[in-house]
Each structure stands twice: as C-alpha cells, then as structure tokens.
Amino acid sequence: NFTLDNEVHSSFIHRRLKSQERREMQREILSILGLPHRPRPHHHGKHNAAPMFMLDLYNAMSTEADEDGYSYPYKPVFTTQGPPIASLQDNNFLNDADMVMSFVNLVEHDKEFLPVRRHHREFRFDLSQIPEGEAVTAAEFRIYKDFIQERFDNETFRISVYQVLEEHSDRESDLFLLDSRVIWAAEEGWLVFDITATSNHWVLNPGRNLGLQLALESVDGESVNPRVAGLIGRNGPQSKQPFMVAFFKATEVHIRSVR
Amino acid sequence: SAQGGGKQRHGNRYKTAKGQEALRMANIAENSSGDQKQACKKHELYVSFRDLGWQDWIIAPEGYAAYYCMGECAFPLNSYMNATNHAIVQTLVHFINPETVPKPCCAPTQLHAISVLYFDDSSNVILKKYRNMVVRACGCH
C-alpha cells in the first residue's frame, strides 16, 4: 500500500524540500490549522484513555463523513471487557460539533489515601487552553470502573459527582451535587457524567474552576473508598485513566491573520 | 433595453458583429495553436504531516490529499467541467478585449472538510473539523 500511495502522491513533489522550504511549509500549514505555533505536548502517550477515546471519535467521524451523520461510539474500542455502563447520549451534539477536546486530570494524588473521614476523590481540568470563539455545547466526565471480585455481585454503591464551589483549610469544601447514581459491584466499563453546565461556568469564570469531587457510599450510607469499588485512579492503567471531554461549536468564523 | 433608440440598436448590432468576429478568430487561433495547454482539472497534492516531522503531536491523520486546481479555461468553455455561466461570459469578454479582461480562473467549485486529531501544549487532545480544506471539484470561474 505504501508503494502504491507513494506512486500516486509523488506526481507533485519530485524532490526533498530544503530545510528553509520545509520550515515555510510548516508555517503555512500551521496557519491553515489556526495554530500560532507547533504544539509541544509533555506527556503524549497515544495509548492513554483520552487519546484513544478521541481516536475512536475521529474514526467514527472519518468513516461516516459522507453520510448524513455519525453515531456516538457508545462502545469505545478500548473497552475490552464487558459492556460499557454509560448510557447513550443524544448524537446531535457530536454531529454539530466543530471541535471536541479532551482534558487530562491534573490532580496528582488521590485524597482517598489521606486520613479523612469521608472518602472522596478529586479531579481538576485546565480549560484555559480552549481556542477562542468556541462555545461548549456538551461536556462529560468519564471514569472507568473495574470488576471487583472480592465483592458480592448484587452489592450496590451510590456514586455521586460534585462541583467544588469553595475550598476551606479547616473543613470540607462547599460542594454542589451534579449527578448521583447506583452502580453494581459486578459492573465494568466507563461511567459518564454530564458536566455541561459546570464546564460553561468554568469557561466563563476560570477562577472558580476548583474541580470535581467524587464520593461513594454503600447502601447503608457509609463512605466507601472508590478504589475498593473498582474505580480507577492515578495508580491504575493509563488506558483507563479518568478524563473530561467537551464538545464545541464555533461562534465566530476563523480569520487567518495577515502575515 | 426596450428604451434603446435606432442609433443605439445599430451600435449594438455593430458590437455584436465585432464580438462574433473576434470569437471566430480566437477560436481559429485556439485550435491552430501548437502547444495544447492542459484543461482545468483537479490535481493531487498530498500534505504529509509525517514528512513535516509532526508525528509527536498530530495523532491522525498521517497526512491528507489536499488537491489543487490547475489548467486553462480556454474556449469553448462548455466542454470543460463545472464552468459557471459567468465564466462563459467572462471568456467572451476576454476574446473581445484580451488585453484588459482576463480569462476565467481555474479554481475549486466544491470543497470538503477534514478532521485533525492532535495534542496541545498541555497534552490535552483536540479533534477539530476544518471546513473547506479539500478540493472536491475544480471548475472555471
């Protein structure tokens, strides 16, 4: 295939570009892509959860580009075992999206390891890198739940996701409940929480972006360590790390600057 | 115009005759021309992100067939693909006044979008749809 492709494409460029020409071409293509400079990602593991999820979206968009629309891949390719827990969402926001962006979790240590009464886990996402002129139409927080063998299959937990409103040094943070649901111990796959309103709030008020908190309770209302229930954290495999994904619609036409 | 006088009508008739003569002459010149120029059509230009050394931040695609339009929009335009009505008029005017009025341009008539998946500086991943990036069809404008 490579030979065939090479033959087809070699009809135009017959020679290697000189380094100056190559730089010029790089600059022009970056301008077309609307980027001020070439990004230099620090950790760019392409097999991490977020890049793989995004690649799945890319493939869905590419393969069905000529059709009327594309469907949200509710069973991501990287979910190797068991059905995904996440419910299917409306496809429209994906069809309408001009841009989709995933955000890595910036919290280095799970609070669950600290001696606190209430087990919880914190997540933070830097939304300052969103290009100008893009409005959030939908946003999700995604966390993977592994199957836990030590637990009874019929055991359930209540999982709650909160937006952190204010932090205090002497007491627990002020929280706003975003979503709460019951999960089975035997379930396995990605849990998806709608955080559209919160994301919009963070974009408009970057100083109020204090992240999310996740807490787990047993049926008796006792606080449960998320790790015990199989929720993957920082120490888990890279392909199952929690992340955030947001869908955008362009609010203004991108005009390239005059050079 | 319905308001035109006899003198003007005569002028128009004269101009039309002049135009037709110009067209006839141009047609002969075009057909007898030794160097047959290539007609306006789509050509492939592959932009390789790999060759640009961007594999570390562009996840997909490896590159894309951008295409470009090249060739001549020569008389008679009806035989060329996708010539706009205005391009045909433009050709006629060019023949009447070749020094000042240019021929129609060979340019894209249909463009497509592509999606690019890449890392930003913070290792977040962006999937962006770029509209009007790939030429689907060329034509004379």
Side-chain angles (χ1 to χ4, degrees), chain A residues 5-6 8-13 16-17 22-23 25-26 28-30 32-35 37-46 48 50-55 57-59 61-62 65-66 97-104 106 125-131 134 243-245 247-248 250 253-254, chain B residues 37-72 82 106-138:
Chain A
D5 281 351
N6 208 25
V8 170
H9 305 313
S10 63
S11 61
F12 185 79
I13 298 172
R16 280 183 74 86
L17 293 173
R22 191 176 135 110
R23 273 198 296 276
M25 189 157 175
Q26 283 174 333
E28 294 300 331
I29 302 288
L30 280 175
I32 291 170
L33 296 177
L35 297 170
H37 62 272
R38 169 203 201 285
R40 296 200 179 275
H42 306 296
H43 314 287
H44 50 272
K46 289 178 182 173
N48 290 358
M52 288 179 75
F53 170 81
M54 296 293 280
L55 189 59
L57 278 187
Y58 169 84
N59 288 331
M61 289 169 86
S62 302
D66 290 333
D98 293 307
M99 191 179 90
V100 188
M101 194 167 172
S102 71
F103 301 87
V104 288
L106 300 174
F125 306 99
D126 179 12
L127 273 63
S128 66
Q129 299 292 316
I130 297 170
E134 301 283 350
F243 64 94
M244 177 190 150
V245 60
F247 300 82
F248 300 88
V253 179
H254 165 69
Chain B
K37 285 182 181 168
Q38 200 180 36
C40 171
K41 64 178 179 184
K42 195 171 84 170
H43 296 259
E44 190 169 328
L45 167 65
Y46 188 75
V47 176
S48 170
F49 296 138
R50 178 179 284 271
D51 288 351
L52 291 171
W54 286 349
Q55 307 97 300
D56 62 327
W57 66 276
I58 293 193
I59 303 168
E62 277 191 9
Y64 72 101
Y67 299 110
Y68 63 99
C69 300
M70 194 182 77
E72 201 172 10
N82 289 330
C106 177
T109 50
Q110 249 187 312
L111 292 159
H112 260 200
I114 61 159
S115 295
V116 182
L117 185 66
Y118 60 93
F119 284 107
D120 69 5
D121 288 323
S122 308
S123 300
N124 297 321
V125 182
I126 296 174
L127 172 59
K128 199 165 179 179
K129 196 189 292 176
Y130 291 91
R131 299 185 194 281
N132 304 330
M133 282 284 277
V134 176
V135 176
R136 192 171 216 199
C138 296

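Lettering follows sequence order; numbering is per chain, from 1. Values in this document were obtained by computation on a predicted structure and should not be read as measured data.
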Q: With sequence neighbours left out, what residues match A:R40 under salt bridge (Lys or Arg N to Asp or Glu O under 4.0 Å)?
A: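 A:R40: no salt bridge (Lys or Arg N to Asp or Glu O under 4.0 Å) contacts found.
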
Q: Let me know which of B:L117, B:V125, B:L127 forms a side chain to side chain contact (heavy atoms under 4.5 Å, CB included) with A:V100.
A: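 For A:V100, the side chain to side chain contact (heavy atoms under 4.5 Å, CB included) check succeeds only for B:L127.
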
Q: What is the minimum heavy-atom distance between B:V47 and A:I29, and which atoms define it?
A: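 Minimum heavy-atom separation between B:V47 and A:I29: CG1-CD1, 3.7 Å.
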
Q: Please name the pair of heavy atoms, one in A:V104 and one in B:S123, separated by the smallest distance, quoted to 0.1 Å.
A: CG1-O, 3.8 Å

Q: Between A:Q129 and B:S122, what is the shortest heavy-atom contact and its length?
A: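 Scanning both residues, the minimum pair turns out to be CG-OG, 3.4 Å.
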
Q: Please, which pairs that meet salt bridge (charged side-chain N to carboxylate O under 4.0 Å, His left out) have at least one residue in residues 58-69 of chain B, sequence neighbours excluded?
A: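 As it turns out, the salt bridge (charged side-chain N to carboxylate O under 4.0 Å, His left out) pairs with a partner in residues 58-69 of chain B, which skip direct neighbours, are B:R50-B:E62.
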
Q: Do the side chains of B:D51 and A:R22 get close enough for a salt bridge, i.e. N-O under 4.0 angstrom?
A: no

Q: side-chain contact (heavy atoms from CB on, under 4.5 Å), that's the test. Do A:M25 and B:L52 meet it? Break it down for me.
A: CA-CA 8 Å; A:M25 189 157 175; B:L52 291 171; 4.2 Å; yes

Q: Start with the C-alpha distance between A:M99 and B:I126, add both sets of side-chain angles, then the distance that settles side-chain contact (heavy atoms from CB on, under 4.5 Å), and finish with yes or no.
A: CA-CA 7 Å; A:M99 191 179 90; B:I126 296 174; 3.8 Å; yes

Q: For the residue pair A:I32 and B:Y130, establish whether any side-chain heavy-atom pair is separated by less than 4.5 Å.
A: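 No, their side chains stay 4.5 Å or more apart.
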
Q: With a 4.5 Å heavy-atom cut-off, do A:P41 and B:Y118 have their side chains touching?
A: no

Q: Drop me the distance from B:D121's CG to A:D126's CG, to the nearest 0.5 angstrom.
A: 11.0 Å

Q: Determine whether B:V116 and A:Y58 satisfy the following criterion, side-chain contact (heavy atoms from CB on, under 4.5 Å), listing intermediate values before the conclusion.
A: CA-CA 8 Å; B:V116 182; A:Y58 169 84; over 6 Å; no

Q: Do A:L33 and B:K128 touch side chain to side chain, with heavy atoms closer than 4.5 Å?
A: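 The answer is no, as the side chains (C-beta and beyond) never meet within the 4.5 Å cut-off.
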
Q: Please determine whether side-chain contact (heavy atoms from CB on, under 4.5 Å) holds for the pair B:D120 and A:M101, giving the CA-CA distance in whole Å, both sets of side-chain angles, and the decisive distance to 0.1 Å.
A: CA-CA 10 Å; B:D120 69 5; A:M101 194 167 172; 3.5 Å; yes

Q: For A:L30, which atoms come within 4.5 Å of any heavy atom of chain B: side chain, backbone, both, or neither?
A: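 Answer is both: backbone and side chain atoms of A:L30 are under 4.5 Å from chain B.
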
Q: Closest heavy-atom contact between B:W57 and A:R38?
A: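 Minimum heavy-atom separation between B:W57 and A:R38: NE1-CG, 3.5 Å.
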
